[in-house]
There are 2 protein chains.
Amino acid sequence: MSTSTAAQRREQAKVAYDAYLANCPVRRVLDRVSDKWVILLLNALADGPRRYAELRRIVAGVSEKMLTQTLRSLERDGLVTRTVTASVPARVDYALTDLGMSLLPVMRALKAWAEAHIAEIDAARADYDRAQP
Amino acid sequence: MSTSTAAQRREQAKVAYDAYLANCPVRRVLDRVSDKWVILLLNALADGPRRYAELRRIVAGVSEKMLTQTLRSLERDGLVTRTVTASVPARVDYALTDLGMSLLPVMRALKAWAEAHIAEIDAARADYDRAQP
DNA sequence: CAGTATCCCTCATGATACTG
DNA sequence: CAGTATCATGAGGGATACTG
């Protein structure tokens, strides 16, 4: 008898790789940054603090649920701060931390690549779709 | 009567923003790059062409479905080439295109930021979770 | 103003089995 | 060897209504 079946070996590899994926810094940062609303929010906060309602307006189309949820996870990861001013009505300001700001240049590099090459991607895609309809 | 209800205005904003999101180069590139297996595949191809079975082994834990699907979409976007050699058994090689290679420096920049700051993120997360259990 | 709470539905991923 | 086909599931995201 063999020590393990192919299925068991695949299962092993999968478990090991899931663990690797979960710990891989690049993937973890990518997961954070590639959330649908994160880039938009970082962008909206790039010029200074914003209030909740401002963000909802600037990042049009975001639901309150996702806005709150995304801001909370960014706060949890130390990328933004949340400052509550006790007044009537309540006032909450969100701002980038130093860590959050340090991410901006990376995002700008990505933006530069994106804008420089998106046309090539579109062209390649059009070619591909023309060849295999 | 008003020209539009709040719900209608929100719907308008949502439609407009969905269109913006769909066209935004940064988001489109991010969507491509943040696919679960894309970074790993680009990495696996960084040193030269690889065969299907090699990729399946290097990127352990990937299902055949996702491997094929991801490679196809990368090919469609002009980031990798797929070369079939008619022989028995069949042989297929995947390689990065120039466009694909031009993405590597950007990924390295992201990797550098991730490795430099992941500890801060973890620390912030631990703090946050300690404060609000 | 700044959120919570709830329901619901779609889509991405994965497991499994089959094929040229 | 290099895939395709089919089915299942679970998390992400949105619509809606309510609250301190």
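Order of the sequence lines sets the chain letters (A, B, ...), proteins ahead of strands, with each chain counted from 1. Side chains are part of it too, since the values below use all heavy atoms of this structure and drop only hydrogens, waters and symmetry mates. The structure displayed is predicted, hence computed values, not measured ones.
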d([atom1], [X]; [atom2], [N]) in whole Å:
X: Leu21(A); N: dG14(C); atom1: CG; atom2: P; value: 9 Å
X: Arg82(A); N: dA2(C); atom1: CZ; atom2: C1'; value: 8 Å
X: Tyr17(B); N: dG14(D); atom1: OH; atom2: P; value: 13 Å
X: Asp93(B); N: dC1(D); atom1: CG; atom2: P; value: 14 Å
X: Arg91(A); N: dG20(D); atom1: CZ; atom2: C1'; value: 19 Å
X: Glu64(A); N: dA17(D); atom1: CD; atom2: P; value: 13 Å
X: Arg72(B); N: dA12(C); atom1: CZ; atom2: C1'; value: 19 Å
X: Met66(B); N: dA15(C); atom1: CE; atom2: C1'; value: 13 Å

CG on Leu110(B) to CE on Met107(A), rounded to 0.5 Å: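 It is 6.0 Å, given to the nearest 0.5 Å.
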
Counting only side-chain nitrogens and oxygens, does [X] get under 4.0 Å of the OP1 or OP2 atom of [N]?
X: Arg51(A); N: dC1(C); answer: no
X: Tyr94(A); N: dG3(C); answer: yes
X: Trp37(A); N: dG14(D); answer: yes
X: Arg56(B); N: dC1(D); answer: no

Along DNA chain C (nearest heavy atom to each residue), the more 5'-positioned of Lys36(B) and Glu54(A):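 The answer here is Glu54(A).
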
Check against side-chain contact (heavy atoms from CB on, under 4.5 Å), Tyr17(A) and Leu40(B): CA-CA 11 Å; Tyr17(A) 227 66; Leu40(B) 297 169; 3.8 Å; yes

Verdict with reasoning, Tyr94(B) to Thr83(B), per side-chain hydrogen bond (donor to acceptor under 3.5 Å, both in side chains): CA-CA 6 Å; Tyr94(B) 291 92; Thr83(B) 309; over 6 Å; no

Residue whose nearest DNA chain D nucleotide is more 5′ - Ala90(B) or Asp18(B):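 Result of the comparison: Ala90(B).
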
Any N/O donor-acceptor pair, Lys65(A) side-chain to dG13(D) base, under 3.5 Å: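 Result: at least one qualifying N/O pair found.
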
Heavy atoms from other residues, nucleotides or ligands near CD of Glu115(B) exceed 12 (cutoff 6.0 Å):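 Atom CD in Glu115(B) is packed in, count exceeds 12.
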
Strand DNA chain D in bracket notation, Watson-Crick/G-U under 3.5 Å with | for pairs to another chain: ||||||||||||||||||||

Indicate the atoms forming the closest heavy-atom contact of [X] with [Y], along with that distance.
X: Ala22(B); Y: Arg28(B); answer: O-CD, 3.1 Å
X: Ala114(B); Y: Val29(A); answer: CB-CG2, 3.5 Å
X: Val33(A); Y: Ile39(A); answer: O-CG1, 3.5 Å

Nucleotide nearest Lys14(A) when distance is taken to its side chain, options dA15(C), dA2(C), dT4(C):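 For Lys14(A), the side-chain atoms sit closest to dA15(C).
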
